[in-house]
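Here the structure is a predicted model, which is why all the values come from computation and not from measurement.
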2 protein chains.
Amino acid sequence: MSDQAAHGAGGAMQDDPDAKFDLKDFLPYLLNISAEVTSSGFADNYKREYGMTRTQWRVLFHLGRYGEMTARDICTRSRTHKTKVSRAVSALEDIRFLKRQRNLDDRRFESLCLTTEGHKAYKTLCGKAGSYDRMLMSQFTPEENAILRRCLRQLANLS
Amino acid sequence: MSDQAAHGAGGAMQDDPDAKFDLKDFLPYLLNISAEVTSSGFADNYKREYGMTRTQWRVLFHLGRYGEMTARDICTRSRTHKTKVSRAVSALEDIRFLKRQRNLDDRRFESLCLTTEGHKAYKTLCGKAGSYDRMLMSQFTPEENAILRRCLRQLANLS
DNA sequence: GGGTATTGGTTGAAAATGTAACTATCAACG
DNA sequence: CGTTGATAGTTACATTTTCAACCAATACCC
């Protein structure tokens with residue numbers, strides 16, 4: 001415990017010479033915080049109205065936006081673990097937002113698609129997502145927005 | 001059911017005219033995925049070696065980087081809910097990575113600081129975080145990096 | 001064909017998180 | 001004082017997520 005005083009001894013230490021970078025520059029940290037802040041800001045829309053969770057919203061959004069696909073497709077495209085998707089799919093099925101259909105060629109697959117209800121919810125939420133996104137974007141210049149999205153897509157290994 | 005066919009009818013529908021924006025452009029979604037990808041890429045470092053969770057790492061990082069502070073300070077600075085911080089602090093105390101000390105002026109507060117062990121772990125992880133961050137940065141130009149971080153800090157309401 | 005590996009998807013138990021109610025301390029005001 | 005209200009932090013309970021094992025269908029390979 002002798003070098004315990006090596007930090008915070010003065011009570012208000014500000015910079016650690018060993019620290020190569022500020023915490024507020026650590027990309028995973030920054031990404032987590034901003035993801036949390038922006039997501040929970042939007043979550044009210046699907047949570048209050050439909051009682052959906054974030055993963056469920058993600059599945060709904062995928063099916064609504066890109067049409068029929070399998071659970072595995074959603075996993076791959078959204079980098080989401082299959083158990084998360086599996087449970088979200090069951091929950092969406094329970095509230096009649098999607099239907100599953102076994103593929104007859106390969107009976108392991110089942111293709112998922114939204115019901116009318118599901119698609120209606122998707123459309124409503126999609127509109128809100130659009131304005132929420134525009135609201136977020138409005139604080140940046142078009143160039144910043146382009147760069148931001150390009151960097152994020154690359155970090156996420158998307159497209 | 002009439003507009004059920006509005007999606008996926010052709011089997012490989014690509015674009016919904018109602019969709020104002022692509023899912024891959026929705027900022028909260030992009031942020032979540034890239035946060036998930038980059039964080040879990042780094043998480044092995046503290047998970048395998050120290051059995052720490054992401055929140056615990058966040059607390060450790062704050063105390064290591066900025067020195068002694070209260071749980072509430074960490075909540076505010078990292079936009080993390082107090083119950084999450086509370087549990088992370090307990091866990092870090094259990095493995096002797098930090099110590100609490102009641103403030104005698106106002107006994108509601110307790111200031112937290114790392115033990116020698118905790119600080120050692122912090123330094124080790126900080127080094128790894130540095131190189132991980134540089135690795136992530138290396139795929140972007142300096143301008144892109146600057147813009148990316150500035151945008152993220154703003155989205156996160158950080159400093 | 002028959003064994004083995006792989007893949008799509010599910011399930012159960014453990015861990016983490018969210019929410020709300022709680023304790024304890026202090027401050028403000030009568 | 002005593003009451004009310006705020007604040008730092010904890011705890012209990014429900015929900016969600018993670019992890020590993022699992023089932024069923026297909027592919028591979030001898």
Check your understanding: Got a sec, which hydrophobics cluster with B:L104, joining ILVMFWY side chains under 4.5 Å apart, including via others?
Key -> none
Check your understanding: Which residues pass the salt bridge (Lys or Arg N to Asp or Glu O under 4.0 Å) test with B:R79, sequence neighbours left out?
Key -> none
Check your understanding: What nucleic acid atoms does A:D105 come within less than 4.0 Å of, heavy atoms only: base, sugar-phosphate, or nothing?
Key -> sugar-phosphate
Review point. Among residues 80-93 of chain A, which residues get a heavy atom nearer than 4.0 Å to DNA chain D?
Key: A:T83, A:K84, A:R87
Exercise for review: Mind checking the OG1-CG spacing from A:T70 to A:N103? Nearest 0.5 Å is all I need.
Suggested key: 9.5 Å
Point to revise | Set of residues satisfying side chain to side chain contact (heavy atoms under 4.5 Å, CB included) with respect to B:E93, sequence neighbours excluded | key: B:L98, B:R100
Exercise for review: Test the B:R77-B:Y66 pair against the cation-pi criterion, namely NZ or CZ under 6.0 angstrom from the six-membered ring centroid and within 45° of the ring axis.
Suggested key: yes
Check your understanding: Expressed in angstrom and rounded to an integer, what is the separation of A:M69 atom CE from C:dG8 atom C1'?
Key -> 16 Å
Check your understanding: Considering residues at least two apart in sequence or located in another chain, which fulfil the salt bridge (Lys or Arg N to Asp or Glu O under 4.0 Å) criterion with B:K128?
Key -> B:E49
**Study point:** B:T55 side chain near C:dA16 phosphate (N/O to OP1/OP2, under 4.0 Å)
**Key:** no
**Study point:** salt bridge (Lys or Arg N to Asp or Glu O under 4.0 Å) involving A:R153 - partner list, sequence neighbours excluded
**Key:** B:D25
Point to revise | chain B contact limits on DNA chain D, taken 5' to 3' with a cut-off of 4.0 angstrom to heavy atoms | key: D:dA6 to D:dC19
Check your understanding: Rounded to the nearest Å, what distance is computed from the CD atom of residue A:E110 to the C1' atom of nucleotide C:dT10?
Key -> 10 Å
Review point. When you measure from every atom of DNA chain C, which of residues 37-52 of chain A have a heavy atom less than 4.0 Å away?
Key: A:K47
Which protein N or O atoms sit under 3.5 Å from an N or O of nucleotides 4-7 of chain C?
unit_1: C:dT7; atom_1: O2; unit_2: A:R108; atom_2: NH1; d: 3.3

Practice item. Could you point out which residue of A:L23, A:L30, A:V37 forms a side-chain contact (heavy atoms from CB on, under 4.5 Å) with B:L158? Key: A:L30
Exercise for review: Flag the pair B:R150 and B:E143 as a salt bridge only when some basic side-chain nitrogen lies within less than 4.0 angstrom of an acidic carboxylate oxygen.
Suggested key: no
Review point. Which residues satisfy the salt bridge (Lys or Arg N to Asp or Glu O under 4.0 Å) test with B:D73, sequence neighbours excluded?
Key: none
Exercise for review: Please work out if B:R100 contacts a base, only the sugar-phosphate, or nothing of the nucleic acid, heavy-atom cut-off 4.0 Å.
Suggested key: sugar-phosphate
Check: residues 55-62 of chain B side-chain donor-acceptor pairs under 3.5 Å, at least two apart:
unit_1: B:R58; atom_1: NH1; unit_2: B:T80; atom_2: OG1; d: 3.2
unit_1: B:H62; atom_1: NE2; unit_2: A:Y29; atom_2: OH; d: 3.1

**Study point:** Sidechain N-carboxylate O distance under 4.0 Å for B:R87, B:D94
**Key:** no
Review point. Could you give the CG-to-P distance, from B:D94 to C:dA16, as a whole number of Å?
Key: 12 Å
Check your understanding: What residue pairs, at least two apart or across chains, pass ring-ring contact (aromatic ring centres under 6.0 Å, His included) with a residue in residues 132-159 of chain B?
Key -> B:F42-B:Y132
Exercise for review: Would you kindly compare A:E36 and A:T70 by the position of their nearest DNA chain C nucleotide and give the one closer to the 5′ end?
Suggested key: A:T70
